[in-house]
Undergrad: 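Sharing a structure, written as structure tokens. Questions coming.
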Amino acid sequence: MKWEREDFLGDAVTTAQKLIGAVIVRRSPEGVTAGRIVECEAYGETYKGHKDDGAHVFKGLTPRTRIIFGEGGHAYVYLIYGMYTCLNFVCGHAGESGSVLIRALEPLEGLDLMKKRRNQTKEKLLTSGPGRLTQAMGIDMTFYGMDLTGDTLYVESREDGPWPIEVTKRKNIDYATYGKDFPWRFLLKGNPYISK
DNA sequence: AGGAGGATCTACT
DNA sequence: GTAGATCCTCCTA
């Protein structure tokens with residue numbers, strides 16, 4: 001089942017859990033690539049009375065975060081460390097500010113194309129990290145704001161679950177006072193493609 | 001106008 | 001295990 005608009009309109013934490021085991025499909029002129037989501041993180045919600053100070057939206061609406069405050073089902077893509085892009089799914093209704101960072105995929109389709117894009121032949125290293133998977137899927141800053149219910153980049157839930165989910169703290173947000181301890185990182189338990 | 005810092009990855013030792 | 005790449009975004013002045 002392809003995800004429709006409505007599937008993205010819940011809160012980010014619930015949506016992140018629903019996304020584990022789902023499949024991201026990316027269609028391009030070069031071919032189709034697809035991967036199962038085995039790791040993702042929720043951002044921007046409130047937890048036990050604390051706002052998420054680990055989220056980009058914590059400081060409010062800026063040109064960069066504008067899309068996150070819009071309607072769910074769009075892509076929030078940003079550049080990190082000057083070299084890599086990260087892919088997020090915007091959640092919730094317009095005015096809300098939840099999003100889900102896609103951190104790792106298990107490659108399913110278009111492995112040869114992924115290897116070419118990554119200049120990398122080891123399958124373990126194709127999509128096991130947020131910067132790696134965007135490169136393997138051919139996702140760059142031009143995907144900022146893209147509608148995820150179109151034909152270029154979309155999500156499918158297949159009848160092959162349910163998947164065992166593991167929950168941990170989020171990675172690499174030590175600067176956050178409260179947010180660093182929120183249990184909002186979701187993993188497909190035991191999957192070898194989870195990032196380090 | 002300037003500067004600090006980042007939801008990362010690779011290549012080396 | 002550690003350093004270096006590399007540049008956008010946002011805050012300060």
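Numbers restart at 1 for each chain; the letters A, B, ... are given by sequence-line order, proteins then strands.
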Undergrad: What is the distance, to the nearest angstrom, from the NE2 atom on H56(A) to the C1' atom on dG6(B)?
TA: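 H56(A) atom NE2 is separated from dG6(B) atom C1' by 7 Å.
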Undergrad: Starting from P on dT10(B), measure out to NZ on K122(A) and report it in whole angstrom.
TA: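 About 10 Å, once rounded to whole Å.
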Undergrad: Counting heavy atoms from C-beta on, name the nucleotide in dT9(C), dT10(B), dA7(B) closest to the side chain of R64(A).
TA: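 The listed nucleotide nearest to R64(A)'s side chain is dT9(C).
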Undergrad: How long is the line joining CG of L101(A) and C1' of dG6(B), in whole Å?
TA: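 It works out to 13 Å between those atoms.
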Undergrad: Between dC7(C), dG6(B), dA5(C), which nucleotide has the shortest distance from any of its atoms to the side chain of I80(A)?
TA: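 In terms of side-chain proximity for I80(A), the closest of dC7(C), dG6(B), dA5(C) is dG6(B).
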Undergrad: Under 4.0 Å between a side-chain N/O of Y84(A) and OP1 or OP2 of dA5(C), yes or no?
TA: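 Negative; the distance criterion is not met.
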Undergrad: Do NZ/NE/NH1/NH2 and the carboxylate oxygens of K169(A) and D174(A) come within less than 4.0 Å?
TA: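 No, no charged N to carboxylate O under 4.0 Å.
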Undergrad: Specify the separation, in whole Å, of atom CD1 of I194(A) and atom P of dC9(B).
TA: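 For the pair I194(A) CD1 and dC9(B) P, the rounded distance is 14 Å.
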Undergrad: Measure across S195(A) and R103(A) and return the closest heavy-atom pair with its distance rounded to 0.1 Å.
TA: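 What the structure gives for the nearest pair is OG-NH2, 3.3 Å.
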Undergrad: Would you kindly give the CD-to-C1' distance between Q135(A) and dA5(C), to the nearest whole Å?
TA: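 In whole Å, dA5(C) C1' lies 14 Å from Q135(A) CD.
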Undergrad: So, does T46(A) use its side chain to make a donor-acceptor pair with the main chain of G49(A) at under 3.5 Å?
TA: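 No, because the side chain of T46(A) does not come within donor-acceptor range (under 3.5 Å) of the backbone of G49(A).
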Undergrad: Using purine N1 to pyrimidine N3 plus N6-O4 or O6-N4 for Watson-Crick, or N1-O2 and O6-N3 for G-U wobble, both under 3.5 Å, which nucleotide pairs with dG3(B)?
TA: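 Result: dC10(C).
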Undergrad: Just how far, in rounded Å, is C1' of dG6(B) from CE of M83(A)?
TA: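 It works out to 13 Å between those atoms.
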Undergrad: Rounded to whole Å, please give me the gap between CG in D53(A) and P in dC10(C).
TA: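 Atom CG in D53(A) sits about 17 Å away from atom P in dC10(C).
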Undergrad: I want to check one thing: is the phosphate of dA7(B), taken as OP1 and OP2, less than 4.0 Å away from some side-chain N or O of R185(A)?
TA: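 Result: no.
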Undergrad: Taking the six-membered ring for Trp, does Y43(A) stack with dA7(B) (centroid gap under 5.5 Å, planes within less than 30°)?
TA: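 It does: the two rings, one from Y43(A) and one from dA7(B), meet the stacking criterion.
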Undergrad: For D140(A) and dC8(C), give me the distance from atom CG to atom C1', rounded to whole Å.
TA: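 That distance rounds to 15 Å.
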Undergrad: Looking at the base of dA7(B), is there any donor atom on it, or on the side chain of Y78(A), that sits under 3.5 Å from an acceptor on the other one?
TA: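 Flag set: donor-acceptor pair detected.
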Undergrad: Keeping R185(A) on the side-chain end and C40(A) on the backbone end, is there a donor-acceptor pair under 3.5 Å?
TA: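 The answer is no, because no donor-acceptor pair under 3.5 Å joins these two groups.
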Undergrad: Of M141(A) and Y81(A), whose nearest nucleotide on DNA chain C comes first from the 5' end?
TA: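 Nearest-nucleotide comparison on DNA chain C picks Y81(A).
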Undergrad: Quick check on DNA chain B: between Q120(A) and L87(A), whose nearest nucleotide comes earlier from the 5' end?
TA: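 Final value for this comparison: L87(A).
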Undergrad: Does N172(A) place a side-chain N or O at less than 4.0 Å from the phosphate oxygens OP1/OP2 of dT8(B)?
TA: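 Yes.
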Undergrad: Does Y175(A) sit in a hydrophobic cluster with other residues, and if so which ones, taking ILVMFWY side chains as linked at heavy-atom separations under 4.5 Å, directly or through other members?
TA: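 Y43(A), V57(A), L61(A), I67(A), I68(A), F69(A), Y76(A), Y78(A), I80(A), Y81(A), M83(A), Y84(A), V90(A), L101(A), Y144(A), I173(A), which link up through side-chain heavy atoms under 4.5 Å apart, make up the rest of the cluster.
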Undergrad: Can you figure out which of dA7(B), dC8(C), dC9(B) approaches the side chain of L79(A) most closely?
TA: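 Of dA7(B), dC8(C), dC9(B), dC8(C) is nearest to the side chain of L79(A).
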Undergrad: Reckon R132(A) touches a base, only the sugar-phosphate, or nothing at all at heavy-atom distances under 4.0 Å?
TA: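 Contact class for R132(A): sugar-phosphate only.
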